[in-house]
Peer 1: 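Here you go, one structure.
Computed over heavy atoms, backbone and side chain alike; hydrogens, waters and symmetry mates excluded. Protein chains get the first letters and strands the later ones, always in sequence-line order, with residue 1 at the start of each.
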Amino acid sequence: MNFYSSLIAQSAHTKSLTTLRAVHTNVIKSGFSYSFLGHKLIDGYIKCGSLAEARKLFDELPSRHIVTWNSMISSHISHGKSKEAVEFYGNMLMEGVLPDAYTFSAISKAFSQLGLIRHGQRAHGLAVVLGLEVLDGFVASALVDMYAKFDKMRDAHLVFRRVLEKDVVLFTALIVGYAQHGLDGEALKIFEDMVNRGVKPNEYTLACILINCGNLGDLVNGQLIHGLVVKSGLESVVASQTSLLTMYSRCNMIEDSIKVFNQLDYANQVTWTSFVVGLVQNGREEVAVSIFREMIRCSISPNPFTLSSILQACSSLAMLEVGEQIHAITMKLGLDGNKYAGAALINLYGKCGNMDKARSVFDVLTELDVVAINSMIYAYAQNGFGHEALELFERLKNMGLVPNGVTFISILLACNNAGLVEEGCQIFASIRNNHNIELTIDHFTCMIDLLGRSRRLEEAAMLIEEVRNPDVVLWRTLLNSCKIHGEVEMAEKVMSKILELAPGDGGTHILLTNLYASAGKWNQVIEMKSTIRDLKLKKSPAMSWVDVDREVHTFMAGDLSHPRSLEIFEMLHGLMKKVKTLGYNPNTRFVLQDLDEEKKISSLYYHSEKLAIAYALWKTIGRTTTIRIFKNLRVCGDCHSWIKFVSLLTGRDIIARDSKRFHHFKGGLCSCKDYW
DNA sequence: GTAGGGTTAG
């Protein structure tokens, strides 16, 4: 029998299931009783990872020892089969076997994973009755963890308080519990208590507490704990290093974060990811991209966290090509169905105006939640696809998901950018009747823009009255509507409101100047311009750029500095002649200078967006690729009309990103349906 | 012979 016993132990050690099965067969053949070897065989099967065989044997045993029950329970939990573990626990009680400390410390996790609050509370009661709650550190810390996961921090703290001999794990469990509920200050208090009582924090504690300091922006404590990490000899532990660099980056000390990263000798996937995240959050997108590339070179594969973050970097810098490369990596890793990576890709393609790709990413997501759907709705909104956005909004509700504040911002923006005024008003009214959504100033801003742009200025002004503390952005939105509709009188009132809130607000002066200019009130224009001069406000010059064959070309209005100016102007004049025959009519309302009509027309000809498009067309003649141009300010109304005709004339798709949104020109039409 | 806590994302 000892012979079999050691054979079983050996196969368990080498994790050789075949050997174990052979031994098992021989045990049966030899007629040995299971009461001696059964438990050992079960242990062997568990160690070899075959829970099914362990269970089969377990069911055949004539009597079962508490240790075997515990092994069955904990092995099922660690294999993600918490439901089965709970069944074992129930059967165990039914057979009259009393749980011990091992049982409780294991089963609590199953309850928290399955959200079985009642079960957990009942087990807790039993642990109290059996005197195991506060005497055994293992039980107590498992209970603290369980209550924390049930969002019952009070109960967690109560269990914690009752334990006489608090050890490091118990402290850490409570600290982590507070941390995961965003109660970083509480976590820090417990940590101080722990240190004062002479309990030495270990790597788990320090990893967590550093993040707390980061979330609090508490650099002083963060640095103190950095010292503690060094003193505890845990500086080389990956988790400490990861938390250290996260702490520094969350305290906006990205240079220190970089220093920590450069000094570590081994970085795992989480470390690399944390670093990338920190860089992106601190506005170091380019560095993040090169770190991401280095990570790939080091054969560390990115996870959804990494991808989400680096794609965010691509979005904010509109690095479409890098983003596409990362999309390819995402697919290669089989993570294109992941909602985090997917949402980030949708944001990227949405921002870059590639709606087909955004939608195809969305369609392969294996897991949909409100945030993932929000990103698709927002992408539609940004690009003027109002009906598609509304359709998705319906689908979200039909799926039984609850729209949140972001959903409503996105859907209102969609209505706004597509000119769906009635739909927008209806949705806004429905939000007001829905007490679960708190209306923010952003919702109002969106509505005021929607009403104002459709010339319902009185209604827009009435809506502002309802906002408790209207801000500059809100007033400026209304001012913009006044400008569009040439409402000088209201504009002046709005202007004075803005200057009350933000004296010397540059954008406002410029907006009003443009309004006076388009209304032909040149005296006021001159007045405004001198005010602007006095305020030393500079209007940033209009600029457009275009990427042709990986080379970026920048243009300013009337700019002759481009080496291919001659070809550009030739192309431009050729286009002008042809688009005029198609119906293009220069609209001098958009020339905001006091010039005679002829000069106004020729100044329109050389707007930066026209130059950029003319260059791209000249350079890519004979191709059918989409032309993408960028403008630092909003696209001009005359250029908008002109580009539509150019897209019709040349059959080329043109995508223009301005400071606020994308315009897709195709076959003489624009995705914004002339409403922006 | 079995058991407790950690670092990264929209």
Peer 1: In this structure, how many angstroms lie between the C1' atom of B:dT8 and the NZ atom of A:Lys339, rounded?
Peer 2: 16 Å
Peer 1: Using a strict 4.0 Å threshold on nitrogen-to-oxygen distance, state whether A:Lys259 and A:Glu255 make a salt bridge.
Peer 2: no
Peer 1: How is A:Ala372 classified with respect to the nucleic acid when contacts are heavy atoms under 4.0 Å: base, sugar-phosphate, or nothing?
Peer 2: base
Peer 1: Write down the distance between NE2 (A:His76) and P (B:dA3), rounded to a whole number of angstrom.
Peer 2: 14 Å
Peer 1: Side chain of A:Ala173: nearest nucleotide among B:dG5, B:dA9, B:dG4?
Peer 2: B:dG5
Peer 1: Closest to the A:Ser141 side chain: B:dA3, B:dG5, B:dG4?
Peer 2: B:dG4
Peer 1: Do side-chain atoms of A:Ser316 reach the backbone of A:Ala313 as a donor and acceptor pair under 3.5 angstrom?
Peer 2: yes
Peer 1: Which nucleotide in the list B:dG10, B:dG5, B:dT2 gets nearest to the side chain of A:Ala343?
Peer 2: B:dG10
Peer 1: Is the distance from OP1 or OP2 of B:dA9 to the nearest side-chain N or O of A:Gln281 less than 4.0 Å?
Peer 2: yes
Peer 1: Determine, for A:Glu186 against A:Lys189, whether the closest basic-nitrogen to carboxylate-oxygen distance falls under 4.0 angstrom.
Peer 2: yes
Peer 1: Rounded to whole Å, please give me the gap between CD1 in A:Ile107 and C1' in B:dT2.
Peer 2: 13 Å
Peer 1: Expressed as a whole number of angstroms, how long is the span from A:Leu335:CG to B:dT8:C1'?
Peer 2: 14 Å
Peer 1: With a centroid cutoff of 5.5 Å and a plane-angle limit of 30°, would you call A:Phe138 stacked on B:dA3?
Peer 2: yes
Peer 1: I want to verify a distance call: between B:dG5, B:dG1, B:dT7, whose nearest atom is closest to the A:Ile211 side chain?
Peer 2: B:dT7
Peer 1: In whole Å, what is the span from the CG atom of A:Leu135 to the C1' atom of B:dA3?
Peer 2: 16 Å
Peer 1: For the pair A:Lys339 and A:Asp369, find out whether any cationic side-chain nitrogen is under 4.0 Å from an anionic carboxylate oxygen.
Peer 2: yes
Peer 1: Please tell me if A:Gln312 has a side-chain N or O lying less than 4.0 Å from either OP1 or OP2 of B:dG10.
Peer 2: yes
Peer 1: By the definition side chain to side chain contact (heavy atoms under 4.5 Å, CB included), identify the one residue from A:Ser249, A:Cys251, A:Ser243 that meets it with A:Met247.
Peer 2: A:Cys251
Peer 1: Quick one: does A:Ser308 reach the base of B:dA9 with a side-chain donor-acceptor pair under 3.5 Å?
Peer 2: no
Peer 1: Separation of A:His79 atom NE2 from B:dA3 atom P, in whole Å?
Peer 2: 12 Å
Peer 1: Does A:Lys47 have a side-chain nitrogen or oxygen under 4.0 Å from the phosphate oxygens OP1 or OP2 of B:dG1?
Peer 2: no
Peer 1: May I ask you to verify if any side-chain N or O of A:Arg64 is less than 4.0 angstrom from the OP1 or OP2 atom of B:dT2?
Peer 2: no
Peer 1: Over how many whole Å does the gap from A:Leu307 atom CG to B:dA9 atom C1' extend?
Peer 2: 10 Å
Peer 1: Rounded to whole Å, please give me the gap between CG in A:Asp43 and P in B:dT2.
Peer 2: 6 Å
Peer 1: Could you give me the CA-CA distance, side-chain angles and deciding distance for A:Ile291 and A:Phe275, then say whether side chain to side chain contact (heavy atoms under 4.5 Å, CB included) is met?
Peer 2: CA-CA 8 Å; A:Ile291 290 295; A:Phe275 191 43; 3.6 Å; yes
Peer 1: Is there a donor and acceptor pair closer than 3.5 Å between the side chain of A:Ser274 and the base of B:dT8?
Peer 2: no
Peer 1: Establish whether the base of B:dG4 is bridged to the side chain of A:Asp167 by a donor-acceptor pair shorter than 3.5 Å.
Peer 2: yes
Peer 1: Quick one: the side chain of A:Asn70 and the base of B:dG1, do they pair up donor-acceptor inside 3.5 Å?
Peer 2: no
Peer 1: With sugar-phosphate meaning primed atoms plus P, OP1 and OP2, does A:Ser375 contact a base, only sugar-phosphate, or nothing at under 4.0 Å between heavy atoms?
Peer 2: nothing
Peer 1: Report which part of the nucleic acid A:Val270 touches: base, sugar-phosphate, or nothing (heavy-atom distance under 4.0 Å, all strands).
Peer 2: base
